[in-house]
Amino acid sequence: MRTGRIVEVEAYGGADDRASHARSGRTRRNGAMFGPPGHAYVYRVYGMHHCLNVVTGPEGSASAVLVRAVEPLEGVERMRRARLERSVATSRRDQADEGAAARRLAAVPADRLAAGPALVCAAFSIDLADDGLDLLRDRAPLRIAGAAPGRNRPGARTRGPDGTIIATTRIGVEPAGEPWASLPWRFVLAGSPSLSRPAPAGR
DNA sequence: AGTTGGATGGTCT
DNA sequence: GACCATCCAACTG
């Protein structure tokens with residue numbers, strides 16, 4: 001079994017959030033966002049990667065949380081193997097030279113195996129088949145458990161059960177413009193070695 | 001250490 | 001036909 005601690009997330013609103021996939025209403029791709037909370041919304045980006053969201057709002061509101069990074073706890077070698085499998089499946093380059101890909105993955109520190117939204121999906125073998133899955137069911141193949149409720153005021157550092165949680169701006173949403181680009185809706189566990197990028201120094 | 005460009009294909013205008 | 005909620009290799013300095 002592969003398990004890990006979620007250390008980085010981003011919140012996305014529904015129609016009101018111009019950075020959200022739900023900004024233009026329901027489409028073929030984002031249907032799961034409009035479904036019940038606690039279910040997965042998985043989509044494909046850049047033709048080869050996948051990203052995992054957890055639907056958070058009531059049905060129809062289309063709000064969700066993107067899982068951007070996970071700190072591996074159990075099944076590290078299985079994750080490494082899954083990363084290799086995904087690389088070979090999606091990259092012609094890695095397909096042509098699988099040995100090079102294997103050596104590359106072997107050199108990745110355990111902490112960094114799921115240090116990015118697409119890496120999370122690769123390490124946990126998540127793809128479109130998981131879209132819409134109920135993540136809160138006991139015994140679900142893909143599952144989120146032990147979630148601790150918390151509060152985060154914009155721009156604040158908040159004490160969570162696993163340490164300090166820092167709110168920052170979301171990544172890759174510049175094109176959405178203001179005020180959406182500046183909303184502090186990315187939340188990271190301070191000091192985690194598994195963040196997709198280090199938390200900002202100041203504030 | 002930081003920046004840039006290529007990979008890669010479904011979805012939406 | 002353009003756009004991506006990305007990652008990695010190959011540069012620069």
Side-chain angles (χ1 to χ4, degrees), chain A residues 6-34 39-57 62-70 72 79-80 82-109 111-132 167-188 194-201:
Chain A
I6 297 173
V7 294
E8 175 179 345
V9 297
E10 282 175 2
Y12 285 89
D16 293 344
D17 182 359
R18 283 203 28 210
S20 170
H21 285 176
R23 62 184 174 274
S24 302
R26 189 174 194 142
T27 65
R28 168 178 282 97
R29 174 175 71 161
N30 67 13
M33 279 188 93
F34 290 79
H39 288 237
Y41 163 46
V42 180
Y43 66 92
R44 187 196 291 259
V45 266
Y46 298 102
M48 58 187 126
H49 300 305
H50 296 275
C51 291
L52 168 70
N53 292 255
V54 184
V55 179
T56 49
S63 50
V65 163
L66 170 69
V67 179
R68 283 196 57 91
V70 168
M79 293 181 197
R80 197 183 301 280
R83 285 278 310 271
L84 178 60
E85 287 165 7
R86 185 64 58 96
S87 278
V88 170
T90 54
S91 161
R92 303 180 92 94
R93 192 189 177 86
D94 288 340
Q95 200 160 6
D97 192 349
E98 190 169 338
R103 284 191 297 277
R104 190 180 72 232
L105 265 309
V108 175
D111 284 341
R112 307 299 301 168
L113 283 171
L119 301 183
V120 169
C121 288
F124 285 85
S125 305
I126 295 165
D127 61 17
L128 294 181
D130 299 304
D131 188 39
T168 80
T169 55
R170 297 176 289 183
I171 293 170
V173 299
E174 292 294 327
E178 298 300 340
W180 299 280
S182 294
L183 295 176
W185 283 4
R186 171 175 174 251
F187 301 98
V188 307
S194 302
L195 301 180
S196 67
R197 54 182 77 178

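Chain letters run A, B, ... following the sequence lines, proteins first, then strands; residues in each count from 1.
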Q: When you measure from the side chain of A/Asn53, which nucleotide among C/dC8, C/dT6, C/dA5 comes out closest?
A: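 Among the listed nucleotides, the one closest to the side chain of A/Asn53 is C/dA5.
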Q: Rounded to the nearest Å, what distance is computed from the OH atom of residue A/Tyr46 to the C1' atom of nucleotide B/dT11?
A: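 The answer, rounded to whole Å, is 14 Å.
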Q: Provide a list of protein-nucleic acid N or O atom pairs under 3.5 angstrom, restricted to nucleotides 9-13 of chain C.
A:
residue : atom : partner  : partner atom : Å
C/dA9   : OP1  : A/Arg104 : NE           : 3.3
C/dA9   : OP1  : A/Arg104 : NH1          : 3.3
C/dA10  : OP1  : A/Arg93  : NH2          : 3.2

Q: Is the backbone of A/Glu8 close enough, under 3.5 Å, to the side chain of A/Arg186 for a donor and an acceptor to pair up by distance?
A: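 Judged by distance alone, no pair lies under 3.5 Å.
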Q: Whole angstrom is fine here: how far is it from CG in A/Asp131 over to P in B/dT11?
A: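 To the nearest whole Å, that distance equals 11 Å.
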Q: Counting distance only, does the side-chain N/O of A/Arg86 pair as donor-acceptor with the main-chain N or O of A/Arg83 below 3.5 Å?
A: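 Flag not set: sc A/Arg86 to bb A/Arg83 has no pair under 3.5 Å.
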Q: Could you state the CZ-C1' distance from A/Arg92 to B/dA7, rounded to the nearest angstrom?
A: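 Nearest whole value for this atom pair: 10 Å.
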Q: Verify, without hydrogens or angle tests, whether A/Thr90 (side chain) and A/Met48 (backbone) share a donor-acceptor contact under 3.5 angstrom.
A: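 Side chain of A/Thr90 to backbone of A/Met48, a donor-acceptor pair under 3.5 Å: no, none is there.
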Q: Using modelled atom types only, decide if a donor and an acceptor are shared between the side chain of A/Ser196 and the backbone of A/Ala69 within a distance under 3.5 Å.
A: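 Side chain of A/Ser196 to backbone of A/Ala69, a donor-acceptor pair under 3.5 Å: no, none is there.
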Q: Counting just side-chain N and O atoms, does A/Arg44 come under 4.0 Å of either OP1 or OP2 of C/dC4?
A: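 Answer no for this pair, as no side-chain N or O of A/Arg44 is under 4.0 Å from OP1 or OP2.
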Q: I'd like to know if A/Arg170 pairs up with A/Glu10 as an ion pair, taking the criterion as any Lys NZ or Arg NE/NH1/NH2 lying under 4.0 Å from an Asp or Glu carboxylate oxygen.
A: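 So A/Arg170 does not pair with A/Glu10 through a salt bridge.
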Q: Which distance, rounded to the nearest 0.5 Å, do you find between the SG of A/Cys51 and the CZ of A/Arg68?
A: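 Reported value, rounded in 0.5 Å steps: 8.0 Å.
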Q: What about A/Tyr43: does its side chain form a donor-acceptor pair under 3.5 Å with the base of C/dA5?
A: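 Side chain to base: pair found, below 3.5 Å.
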Q: I need the CG-C1' distance between A/Leu119 and C/dA5, as an integer number of Å.
A: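 Distance check: A/Leu119 CG to C/dA5 C1' gives 14 Å.
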Q: Go through A/Asp131 and A/Tyr41 one step at a time and tell me if the side chain to side chain contact (heavy atoms under 4.5 Å, CB included) criterion holds.
A: CA-CA 5 Å; A/Asp131 188 39; A/Tyr41 163 46; 3.7 Å; yes
Q: Whole-Å distance between C/dC4 C1' and A/Ile171 CD1?
A: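 These atoms are roughly 16 Å apart.
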Q: After noting the C-alpha distance and the side-chain angles of A/Val42 and A/Ile126, does the key distance pass the side chain to side chain contact (heavy atoms under 4.5 Å, CB included) rule?
A: CA-CA 8 Å; A/Val42 180; A/Ile126 295 165; 4.0 Å; yes
Q: Give a yes or no on whether the backbone of A/Asp16 and the side-chain of A/Trp180 come within a donor-acceptor separation of less than 3.5 Å.
A: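 Yes, the answer is positive, given that a donor and an acceptor are paired below the 3.5 Å cut-off.
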Q: Within this structure, what is the NE2-to-C1' distance between A/His50 and C/dT6, rounded to whole angstrom?
A: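 To the nearest whole Å, that distance equals 12 Å.
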Q: Where each pair must be Watson-Crick or G-U wobble with both distances under 3.5 Å, what dot-bracket representation of DNA chain B is obtained, with crossing pairs in [ ] and other-strand partners as |?
A: |||||||.||||.
Q: Which is more 5' along DNA chain B, the nucleotide nearest A/His49 or the one nearest A/Leu128? Just name the residue.
A: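 Closest to the 5' end, via its nearest nucleotide, is A/His49.
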Q: Would the distance check show the side chain of A/Asn53 and the main-chain N or O of A/Val55 forming a donor-acceptor pair, the cut-off being under 3.5 Å?
A: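 No; judged by distance alone, with no hydrogens or angles, the pair does not exist.
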Q: State the OG1-CZ distance between A/Thr27 and A/Phe34, to the nearest 0.5 angstrom.
A: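 Here the interatomic distance stands at 7.5 Å.
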Q: Quickly work out the A/Glu174 CD to C/dC3 C1' distance and round it to whole Å.
A: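 It works out to 16 Å between those atoms.
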Q: On DNA chain C, check which nucleotide each of A/Leu105 and A/Tyr41 is closest to and give me the residue with the more 5' one.
A: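 Looking at the nearest nucleotide for each, A/Tyr41 comes out on the 5' side.
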Q: With a 4.0 Å cut-off on heavy atoms, is A/Arg86 in touch with a base, just the backbone sugar-phosphate, or nothing at all?
A: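 If one applies the 4.0 Å heavy-atom cut-off, A/Arg86 turns out to touch nothing in the nucleic acid.
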Q: Between A/Asn30 (CG) and B/dT13 (P), how many Å, whole number?
A: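 My rounded result for the distance is 10 Å.
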Q: Can you list, by residue number, the residues of residues 15-24 of chain A that have a non-hydrogen atom closer than 4.0 angstrom to DNA chain C?
A: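 Result for residues 15-24 of chain A: A/Ala19, A/His21, sorted by number.
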